[in-house]
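In what follows, a single structure is set out as structure tokens and then discussed.
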2 protein chains.
Amino acid sequence: MTPVAVVLTEERILDAAEDVLRRFGPAKATVVDVAKALGVSHGSVYRHFPTKVALRDAVARRWLDRLAEPLDPARDTDGPAAERLLRWLERLAAIKQGLALNDPELFATFGQLTAEAREVVAAHVDHLAAALTEIIADGVSSGEFAVPDPVPAGRAVLHATARFHHPLHAAEWADPAIGSELREVWRLLVWGLAARP
Amino acid sequence: MTPVAVVLTEERILDAAEDVLRRFGPAKATVVDVAKALGVSHGSVYRHFPTKVALRDAVARRWLDRLAEPLDPARDTDGPAAERLLRWLERLAAIKQGLALNDPELFATFGQLTAEAREVVAAHVDHLAAALTEIIADGVSSGEFAVPDPVPAGRAVLHATARFHHPLHAAEWADPAIGSELREVWRLLVWGLAARP
DNA sequence: CGACTGACAAAGTTTGAAATCTGTCAGCTG
DNA sequence: CAGCTGACAGATTTCAAACTTTGTCAGTCG
């Protein structure tokens with residue numbers, strides 16, 4: 001039986017790593033800092049994560065998973081698909097833009113981290129596109145939308161709204177017109193989804 | 001009458017500055033280097049441009065103007081507006097993506113420069129949006145499109161295609177699917193432009 | 001007299017020696 | 001004997017001193 005209060009789990013390491021990244025920023029946070037926060041030698045951290053990059057990737061994955069949690073389409077199934085789509089896009093934009101506005105340091109940290117964790121980000125993007133595909137497929141079932149295949153349509157909607165949620169565009173979110181610009185794009189997209197060519 | 005071969009014009013300074021930026025990169029190019037290339041003291045350069053930032057902005061403006069030249073909508077007025085729109089978007093993407101692919105160093109220089117020249121970039125973006133507005137307005141005249149106001153529609157189309165032409169997304173252009181992704185987005189957009197709500 | 005120079009202060013950048021960090025592993029310890 | 005430590009080599013980062021750059025301006029030159 002292992003002494004419960006002292007056992008070194010991946011989870012406890014991730015908590016500490018997240019904390020250290022928050023406090024020192026991605027440029028200065030070291031594995032030694034993480035070990036110090038846990039009261040162990042840095043060698044112990046390497047028993048659980050093979051490299052510093054793997055540790056950072058794991059932190060990024062957890063962050064992105066937590067961000068994407070409120071975006072499960074099953075959480076909001078009321079009303080026309082066009083409006084569910086708008087609410088979903090606005091929720092995504094609000095999550096990212098809120099983070100960028102309320103805590104720019106943390107957002108920068110998070111941006112740095114994800115910029116390097118390409119695989120992890122690809123999984124996140126796939127996840128978001130799948131959520132859009134689900135909403136669009138519901139719209140097709142109800143006769144609201146008329147796309148031949150909801151999968152590329154979901155990806156296209158995500159790509160077309162990149163400006164409103166992709167962290168690269170954070171500097172543009174200061175413009176107060178950003179909200180109405182998202183609605184303009186949404187309007188074109190839902191007309192496009194509904195049209196029968 | 002001034003001695004023609006030796007006169008120091010803004011234009012000659014811009015030529016030299018562009019050359020120096022190309023050769024040394026934006027981080028290392030100095031005003032002293034520009035002056036040296038012209039065989040004058042750096043003080044003379046400051047008689048024509050008040051600061052280094054103003055000089056760099058002027059170089060960026062000239063670059064962007066040159067880039068945008070082949071995108072005048074009056075140069076391609078054949079066929080349905082939907083297809084003119086696709087050709088225009090593909091031309092814009094090809095210009096930016098071609099530069100990024102053929103001469104990544106120069107593209108990075110150009111990206112750095114424009115990232116700092118916010119005003120200059122805003123003018124360039126307005127110019128591009130106006131070109132799209134013109135194509136959409138033509139489509140409305142011909143009965144192909146049905147948007148109430150082509151001005152926000154032009155901006156929305158530019159925003160919706162940011163992923164395919166905005167330099168921030170350059171890293172994503174390596175994916176060979178990028179071309180078909182642009183077509184997917186275009187398809188939704190032109191159906192949206194044509195739809196009568 | 002107007003265009004240019006070059007010396008200058010303040011700000012910013014380079015440089016290389018010292019300090020720190022990453023990733024490994026032989027050995028300690030409960 | 002599983003889990004941890006701490007010393008180590010090589011890579012990377014820090015820091016302060018030396019050097020370079022920016023922007024100004026009194027003075028030179030034609």
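All chains are named by letter (A, B, ...) in the order of the sequence lines, taking the proteins before the strands, and each is independently numbered beginning at 1.
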Between [atom2] of [N] and [atom1] of [X], the distance in whole Å:
| X | N | atom1 | atom2 | answer |
| --- | --- | --- | --- | --- |
| L55(B) | dG23(D) | CG | P | 10 Å |
| H48(B) | dT5(C) | NE2 | C1' | 13 Å |
| F24(A) | dT13(D) | CZ | P | 17 Å |
| R56(A) | dT22(C) | CZ | C1' | 13 Å |
| F49(B) | dT21(D) | CZ | P | 20 Å |
| K36(A) | dG6(D) | NZ | C1' | 15 Å |

Nucleotide of [options] approaching [X] most closely (side-chain heavy atoms):
| X | options | value |
| --- | --- | --- |
| R47(A) | dC4(D), dT22(D), dC4(C) | dC4(D) |
| T51(B) | dT21(D), dT22(C), dG23(D) | dG23(D) |
| Y46(A) | dT21(D), dT24(C), dC21(C) | dT24(C) |
| S41(B) | dT22(D), dT22(C), dG6(C) | dG6(C) |
| V40(B) | dT5(C), dT22(C), dT5(D) | dT5(C) |

For this session: Classify the side chain of H42(B) versus the base of dG23(D) as yes if they form a donor-acceptor pair under 3.5 Å and no if they do not.
Result: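 Indeed there is one.
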For this session: Drop me the distance from R22(B)'s CZ to D103(B)'s CG, to the nearest 0.5 angstrom.
Result: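 Here the interatomic distance stands at 7.5 Å.
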Exercise. So, is S44(B) near the phosphate of dT5(C), with a side-chain N or O under 4.0 Å from OP1 or OP2?
Worked result: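 For dT5(C), OP1/OP2 do have a side-chain N/O of S44(B) under 4.0 Å.
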Would a 4.5 Å heavy-atom cut-off, applied to side chains only, mark [X] and [Y] as touching?
| X | Y | answer |
| --- | --- | --- |
| V31(A) | F49(A) | no |
| L189(A) | L85(A) | no |
| T77(B) | D138(B) | no |

Problem set entry | Donor + acceptor pair across side chains of T30(A), D33(A) (<3.5 Å) |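 The criterion, which ignores hydrogens and geometry beyond distance, is satisfied for D33(A) and T30(A).
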Exercise. Between K28(A) and P50(A), which is nearer to the 5' end of DNA chain C once each is assigned its nearest nucleotide?
Worked result: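 Per heavy-atom nearest nucleotide, the more 5' residue is K28(A).
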